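The next block holds one structure in the form of structure tokens; read it before the comments.
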Protein chains: 2
Amino acid sequence: MPREPSDKRPPSRRIADDLREQIKNGTYGPGDKLPSERKLAAQYGSARNTAAEAIDILRREGLAVAKHGAGAFVRLKPALLRLGSNRYSRTLRETTGLSPYRAEVTKQGRTPRVACTSIERVDAPEDVAQRLGLNDDDRSVVRRENWYFADDEPVQVGVTFIPWAIADGSVLATSANMGKGSLYARFEDLGHPLTRIREEISARMPTPEEVAGLVIPDGVPVLEVLHTGIDDNGDPFEVTRFVMRADFNALDYNMPIED
Amino acid sequence: MPREPSDKRPPSRRIADDLREQIKNGTYGPGDKLPSERKLAAQYGSARNTAAEAIDILRREGLAVAKHGAGAFVRLKPALLRLGSNRYSRTLRETTGLSPYRAEVTKQGRTPRVACTSIERVDAPEDVAQRLGLNDDDRSVVRRENWYFADDEPVQVGVTFIPWAIADGSVLATSANMGKGSLYARFEDLGHPLTRIREEISARMPTPEEVAGLVIPDGVPVLEVLHTGIDDNGDPFEVTRFVMRADFNALDYNMPIED
DNA sequence: CAGTGGTCTAGACCACTCA
DNA sequence: GAGTGGTCTAGACCACTGT
């Protein structure tokens, strides 16, 4: 680590750059402990704050995680859950009898758990109402909130909105348990076979509520998917807003090009 | 702002929470200037560092941006570019004569610019080779790097890999200019009509190189899309890795459910 | 020019982890 | 108990912005 007097970078950046380089070249591998802030400060002749800032830079980049009282460590990248477009396939549903999510997690050798934490009747938010084609005078929908876990770690939340006119009188409006074949089997029973999906995808940093609920470390964004289920008449019958930890989830779509 | 003696939050969090609340309730609207660090420090009776840390928290959440020497401001959310699955449609391509990207940006009233910054022959990286179905003994591909701008702001980079066996002898291997109808028209000329696409989507924080190249502010993640073009025989003929600023780009897919 | 953010120093107390 | 990160204070110099 030669001292370049012509180095324009501030000390905290320089320390961060050095550590990043050492992570990339394998000096510190995934899970390894990085030098403590006090060690770094001594080594670089800076204040402890400056070394701490360097570590913070790496945390924001998603390269390191800190454990209070224990040290800072190179982040180990967990296997990504790949949520594919085929997760909505009817044959997959019927052969496994599992919900799309359970099928995907099980396929990866992890233990899935889904918890429906609330079912209530509300007015749909603006963007949801628009995608469901609801008039302003009847935005009444069933709101179902689901939490998804893999090996008991929370990995995503999904909030589903179903027009009251469709859900009224079925288990969709009342019961956390969807029965065999899960959600889309019930829609099929009600005359709405899932025929097309629209998925609008964006990414952003999590809100403090999401950080708390999904236990999201620093430097990890969320993927937000606004999903619309469409039946054989081209009519939307369900909208779900998914929010998922971007370090645990990836999306994998395979689709035909349509003219 | 009543002082709760039982407030367990550290001062920096408390200031950040207060500001976040005021941004949410409209006290500070998009583009408004937030109080200076020195003002906040005085107001809360803390050190300037603590106020600065509070502003940093909001920046990491993507809620605020700082301009050196001028102040910190509530981030104004730019209109999202929605890159849809229909961007690959042949009819769209033929009616507009524009590349997918140009068509999409123009539709939004912005001025598109695409720059091909390099064309070279290389060996494909592991994940690309796998998706192209290349043997280990012939990974030779053409690598084309494209930068995409909207109103002269860089919004995404795309690196396309084409098997040498396909590109050899065509403009794909040599020329930045793709001619009328652009990339996929040339593949069609070569007997590879685009029939299906696979898109693998993830999100993460940008690397320092990406921050520099795409001019990405703090608190903004990137969307990474690994795109595979597949012809009417089901054979992949092209892979592109897109990296895009998540605050400028969203993805919008509409696809049939296949059994 | 005054005001602003960017970053640093030097020291401090706390809460936590690990052997 | 020794070591660690989390966070704070109080002060400082610099580079940049706007008028």
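Every chain is numbered from 1 and lettered A, B, ... according to where its sequence line falls, protein lines coming before strand lines. Keep in mind that this is a model prediction, so the values were computed, not measured.
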Whole-Å distance, B/Lys33 NZ to D/dC16 P, equals 19 Å
Testing C/dC8, C/dA12, C/dG5 for proximity to the side chain of B/Glu37, the answer is C/dG5
Verify the contact: side-chain N or O of B/Arg38 to OP1 or OP2 of D/dA12, cut-off strictly under 4.0 Å; return yes or no.
no
Exercise for the section: Using a 4.5 Å cut-off on heavy atoms from C-beta on, say whether the side chain of B/Val128 contacts that of B/Val141. Expected result: no
Checking C/dT17, D/dC8, C/dC8 against the side chain of B/Pro11 (C-beta onward), the nearest is D/dC8
Here the distance between atom P of D/dT7 and atom CZ of B/Arg14, to the nearest Å, is 16 Å
Out of C/dG6, C/dT7, D/dG5, minimum distance to the side chain of A/Ser36 belongs to D/dG5
Rounded to whole Å, the CG-P distance (A/Asn49 to C/dA10) equals 11 Å
**Request:** Without swapping roles, check the side chain of B/Asp151 against the backbone of B/Thr111 for a donor-acceptor pair under 3.5 Å.
**Result:** yes
Quiz prompt | Contact under 4.0 Å: A/Thr50 side-chain N or O vs C/dT9 OP1/OP2 | solution = yes
Between CD1 of B/Ile15 and C1' of D/dT7 the distance, given in whole Å, is 12 Å
Rounded to whole Å, CD1 of A/Ile57 lies from C1' of C/dG6 at a distance of 12 Å
Whole-Å distance, B/Glu53 CD to D/dC8 C1', equals 11 Å
Contacts of A/Ser46 and A/Ala70 projected onto DNA chain C by closest heavy atom; the upstream (5') one is A/Ser46
Check: So what does A/Ala52 touch, heavy atoms closer than 4.0 Å: a base, only the sugar-phosphate, or nothing?
Finding: nothing
Has A/Lys39 got a side-chain N or O lying under 4.0 Å from the OP1 or OP2 atom of D/dT4? yes
Original post:
Should we say atom NZ of B/Lys33 is surrounded by more than 12 heavy atoms from elsewhere, each under 6.0 Å from it?
Top reply: yes
| said: Side chains of A/Arg204 and B/Lys77, heavy atoms from C-beta outward: is any pair under 4.5 Å? | reply: no
Parallel, tilted or perpendicular for A/Tyr148 and A/Tyr101, by the 30°/60° rule?
-> perpendicular
The nucleotide from C/dT9, D/dG5, D/dT7 with an atom nearest the side chain of A/Ala66 is D/dG5
Taking OP1 and OP2 of D/dG5, is either one under 4.0 Å from a side-chain nitrogen or oxygen of A/Arg59?
no
Per atom distances to the B/His68 side chain, the nearest of C/dC8, C/dC18, D/dA15 is D/dA15
Between CG of B/Leu34 and C1' of C/dG5 the distance, given in whole Å, is 13 Å
Atom CZ of A/Arg9 and atom P of C/dT7 are separated, to the nearest Å, by 14 Å
Could a donor-acceptor pair under 3.5 angstrom be found where the side chain of A/Arg48 meets the base of D/dG6? yes
For the backbone of A/Asp127 and the side chain of A/Arg131, can you confirm whether one donor and one acceptor N or O come within less than 3.5 Å of each other? yes
Do any side-chain nitrogens or oxygens of A/Ser12 fall under 4.0 Å of OP1 or OP2 in C/dC8? yes
